[in-house]
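Presented below is the structure to which this report refers.
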Amino acid sequence: MAVNKIEICLKEVLKKAIIDLEYVDDYSVDKIVIEIPKDKAHGDYSSNIAMQLTKILKRNPREIAQGIIEAIDKEAGNIDHVEIAGPGFINLFLRKDAMTSIIKEVLEEKDNYGKTKYGKGTKYNVEFVSANPTGDLHLGHARGAAVGDCICRIMNAAGYDVTREYYINDAGNQITNLALSLYARYLQALGYEKQLPEDGYHGQDIIDIASQIKEEIGERYVDADEKEAIAYFRKVGTEFELQKIKDILNEYRVSYDVWFSETSLYDENKVEPTIQKLTDKGYTYEADGALWFKSTEFGDDKDRVLVKTDGSYTYLTPDIAYHLNKLDRGYEYLVDLLGADHHGYINRMKAAIQALGYNADQLNIDIMQMVRMVENGEVVKMSKRTGNAVTIKDLIDDIGVDATRYFFASKSGSSPFDFDLGLAKSQSNDNPVYYAQYAHARMCSILNQAKNACIDVSDHYELLVHTKEIELVKHINEFRNEVIESAKLRAPHKITNYIQRLAQLFHSFYNDCYVIDENNKELSSQRLSLVVASQITLKNALNLVGVEAPEKM
RNA sequence: AGCGAUGUAGCUCAGGGGAUAGAGCAGCCGCCUCCUAAGCGGCAGGUCGAGCGUUCAAAUCGCUUCAUCGCUGCCA
C-alpha cells in the first residue's frame, strides 16, 4: 500500500505505458519500483522497470525504456521530461510545482502529518526492557528502552495498534536473593552482625533501600521469625526496586501500558494449566526425574526441562505461560526485545507457542546486540563515579535524555556498538541531536519574525523553484513512507537518518533562501509555508524518537 | 566444536541487488553591516575483512575462509 500521491501517480502512469505498449497484459503496481536517485542529476524519481522487463521480453533494456518514455503520459504524471540513463534506468524529471502540494497537506494535518493507517490496526504487543526488579537499569537496558519505546511510537504512527508491556520477574530465586540481601543490609544498618549471602546483591542501592526501610519500620524485623522477615523484604524490596525502575524510565520518557507480574501467573493459576496443555498435546515426557518439553519437534537443538527434579519450575515454564497469556489476550503478533545474551531463547519459545497451537511467525524476537562502554580504547565496565555498572541515570546525568535517546535510536539494534562515554560527554554540543534541534529552533525563530512582520502562510507555491526549496519539499514528501518503512523493519534509526537529512536540507535552504522580505511579501509568504511544513515535519519526526523539539536554543 | 551477530573513512555508525559508497565526530581552507555561526560552502580521507560463485548489474545474495563478540544450565 502506497501512501504518497505523487508516487502512486507515477507508478500508474508507468503501468499504463507498459500495458499500452503490450509489453505485458497486466502488471501489479506493487511490482513497479520507483526510487529517488542519490544523484539529483538522475531525476526526481527513477525506475528500473525496463531492466526488470528484460527477463520477460528478452530485449535490450534501453530499447524497452525507449518505448516506455515515448508512451508515457507526461501530463497525467506531472512529468516535465524523461531520460534513459545508464543500463536502462528511466529518469523522471517532474514539473517544478509537482510536489509543492505536499506543503498544504502538512499544514492541514499538523501533528498528524506522518501518521497513516498502513498497519490497519493490527494488534501488536511489544515487550521490552523487562529487567528483574533487583537493581538499577544499565547500559544495555538503556538501549533496549530507547529502541523499544521508539519502535512503539513509530508503529503507532504507521497505524498499528501497539500495547507496550513490561514483564516483571518477581517470583524467582533472584527475588529471594534480593530479600536475603536486603534483610542482611537492614540488620547491618541497625548495627547487627549479618553476612550478605554469597551470591547476594552487593550494590549501594541495596544499602540505600535497607536504610530507608530502617527509617520506616525501625527494629520491627530484628527479632521476628526469619521466614516472616524474608517474606516482608521480598515484597517491599520488589516494590522499591520496581518503583525506581518506573521512575527512571519515566524520566527517560519511556512509558508502558501493562506492567505484567510473574507472580500473577501463579495467583491466577496460569502455569500448571499451560504444562497440562503441552502434556495433553503429547509434547512432554518424564525422564531423569524431571518433566521435559519436546521442543526438538519444532526445531530446537535439544529438549528443555519444565519441572526440575526438585519439583520447581525452570525459568522457561512461567515464560511459556506468559507468552501463551499474551497470545490469548488477542494480540496478533508479539514482539520481544531481548539482549544478545538471550538469543538461545528464540527457538525454545517459538517451539512452545507452536506446541500450543500458534504460528511461529506470531512471535518476533528482536535481538539487541551488546553495548560496551569504551574510554580511550579500553572497555570500561564500571562507572567511575559510583564504582558500579553504568546506569541509565549516569547517562541521563552525563549527556541528557535527548542525546542519550537519540544516540541509541540512531544505531541499528542488530549491530553491537561501542559507546564512548568520554566522547559523548566532551562533544555533547556537537552531538547530531543538537544539529536537528537547532534546525527546529531556527524554524521557530523565523516563524516568530514572520508574525512580527505580518507575513502569513500562503496556499499556493508557484514561486518555490529554488533547488534548495525543491530538495526540501521532496524530503518532506517522503516522511510518511519513511515512517512506514521504519515501522515494518522496527528500525528507529531510519527515522534519525531522516531527521538528520531534513535538518541538513533546512540549514542549507536557510543559508541560500532568505525568508522574511518585506519588499517581496508573496515570496516570503510562500517560503514561510515551506518553513512551517518543515517545522511540523521535524517536530513530528523528533517526537517519534522521543526527543524534544525546542523553540529556542 | 555447534548456533547467532558483527567486520564499510582516523573514531562511532548508516546504506543490505542498481548509476560516482554516505552521515556525524576528528583534520584542513573559506563565509556573520542581513530571519540563531550549535550554521553554511569547499578540501582531504575507502583494496566495503579476504576468496570463489549467482546476475545485465554485488558493499548488498550464496558458499568458503579469517577476525571479534555473544550464547550453547534441571541459572534467570
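In what follows, every heavy atom counts, from backbone to side chain, and hydrogens, waters and symmetry copies are set aside. Quick note on labels: first sequence line is chain A, next is B, and so on, each numbered from 1.
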- Where do A:Gln52 and A:Ser47 land on the side chain to side chain contact (heavy atoms under 4.5 Å, CB included) test, with the steps shown first? CA-CA 10 Å; A:Gln52 282 185 337; A:Ser47 178; over 6 Å; no
- Message: Between A:Glu239 and A:Lys235, does the salt bridge (Lys or Arg N to Asp or Glu O under 4.0 Å) criterion hold? Intermediate values first, please.
- Response: CA-CA 6 Å; A:Glu239 282 168 6; A:Lys235 176 169 169 291; 3.4 Å; yes
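Partner assigned to B:G30 is B:C40, using Watson-Crick or G-U wobble distances below 3.5 angstrom. Here B:G62 sits opposite B:C52 as a Watson-Crick or G-U wobble pair (both hydrogen-bonding atom distances under 3.5 Å). Partner assigned to B:A67 is B:U6, using Watson-Crick or G-U wobble distances below 3.5 angstrom. When Watson-Crick and G-U wobble pairs are counted only if both distances are under 3.5 Å, B:U47 pairs with no nucleotide at all. For B:C35, there is no paired base (Watson-Crick or G-U wobble, both distances below 3.5 Å). Judged by Watson-Crick or G-U wobble contacts below 3.5 Å, the nucleotide B:A1 has B:U72 as its partner. Under the Watson-Crick or G-U wobble criterion, with both distances below 3.5 Å, B:G22 is paired with B:C13.
Residue-level contact check: A:His343 touches the bases, meaning some heavy atom is under 4.0 Å from a base atom. Residue-level contact check: A:Cys513 touches the bases, meaning some heavy atom is under 4.0 Å from a base atom. Across all strands shown, A:Ser46 has heavy atoms under 4.0 Å from base atoms, whether or not it also approaches the sugar-phosphate.
There is a side-chain donor-acceptor pair under 3.5 Å between A:Asp303 and A:Tyr285. A side-chain donor-acceptor contact under 3.5 Å links A:Asp394 and A:Thr391.
With hydrogens and angles ignored, a donor-acceptor pair under 3.5 angstrom links the side chain of A:Tyr315 to the base of B:A76. The base of B:A19 is paired with the side chain of A:Asn91 by a donor and an acceptor separated by under 3.5 Å. The base of B:C40 has none of its N or O atoms less than 3.5 Å from a complementary donor or acceptor on the side chain of A:Ser508. With hydrogens and angles left out, the side chain of A:Thr314 and the base of B:A76 share no donor-acceptor pair within 3.5 Å.
Going from the P atom of B:G49 to that of B:G10 covers 13 Å, rounded to whole Å. Spacing of C1' atoms, B:C52 relative to B:C43, comes out at 39 Å, to the nearest Å. Atom C1' of B:C56 sits at a distance of 26 Å from the matching atom of B:U64, rounded to the whole Å. Taking atom C1' in both B:A26 and B:C11, the straight-line distance is 7 Å, to the nearest Å. With both ends at atom C1', the span from B:G39 to B:G24 equals 15 Å, rounded to whole Å. Taking atom C1' in both B:C71 and B:A76, the straight-line distance is 14 Å, to the nearest Å. The same atom, P, is picked in B:A44 and in B:G51; the two are 27 Å apart, to the nearest Å. Remark: the separation of the P atoms in B:G46 and B:A21 is 13 Å, to the nearest Å.
Side chain of A:Gln500, nearest nucleotide from B:A5, B:A23, B:A76: B:A23. Ranking B:C74, B:U6, B:G70 by closeness to the A:Ala290 side chain, first place goes to B:C74. In this structure, the nucleotide among B:C35, B:G39, B:U6 sitting nearest to the side chain of A:His507 is B:G39. Taking every side-chain heavy atom of A:Gln174 into account, B:A76 is the closest of B:A76, B:A37, B:A38. Comparing atom distances between the A:Lys494 side chain and each of B:C74, B:G16, B:G18 picks out B:G16 as nearest.
At the phosphate of B:C35, neither OP1 nor OP2 sits under 4.0 Å from any side-chain N or O atom of A:Arg527. When the side-chain nitrogen and oxygen atoms of A:Lys308 are compared with OP1 and OP2 of B:A76, one or more of them lie within a distance under 4.0 Å. When the side-chain nitrogen and oxygen atoms of A:Lys468 are compared with OP1 and OP2 of B:C40, none of them lie within a distance under 4.0 Å. Residue A:Tyr438 has a polar side-chain atom (N or O) positioned under 4.0 Å from OP1 or OP2 of B:A38. Regarding contacts with the backbone of B:A76, every side-chain N or O of A:Asn132 stays at 4.0 angstrom or more from both OP1 and OP2. Put simply, A:His493 has a side-chain N or O that comes within less than 4.0 Å of OP1 or OP2 on B:G15.
Between the side-chain ring of A:Tyr435 and the base of B:A38, no stacking contact exists by the 5.5 Å and 30° definition. B:A19 has A:His42 stacked on its base ring, the centres lying under 5.5 angstrom apart and the planes within 30 degrees of parallel. For the pair A:Tyr514 and B:C35, the ring geometry qualifies as stacking, because the centroid separation is below 5.5 Å while the planes lie within an angle under 30°.
Taking atom CG of residue A:Asn497 and atom P of nucleotide B:A23, one finds them 12 Å apart after rounding to whole Å. Note: CZ (A:Arg143) to C1' (B:A5) measures 11 Å, nearest angstrom. Distance A:Ile346 CD1 to B:U72 C1': 13 Å, rounded to the nearest Å.
Contact annotation: the side chain of A:Thr317 never approaches that of A:Phe293 to less than 4.5 Å [non-hydrogen atoms, C-beta and beyond]. Within the 4.5 Å cutoff, no side-chain heavy atoms of A:Gln535 are placed close to those of A:Phe506.
A salt bridge links A:Arg372 to A:Asp418: at least one charged side-chain nitrogen sits closer than 4.0 Å to a carboxylate oxygen.
Each of A:Ile367 and A:Tyr313 was matched to the nucleotide of RNA chain B holding its nearest heavy atom; the match closer to the 5' end belongs to A:Ile367. For the pair A:Ser47 and A:Asp288, nearest-nucleotide mapping onto RNA chain B gives the more 5' position to A:Ser47.
Side chain of A:Ser130 to backbone of A:Tyr166: no donor-acceptor contact under 3.5 angstrom is found.
In this structure, B:C52 is classed as anti because its glycosidic torsion departs from zero by more than 90°.
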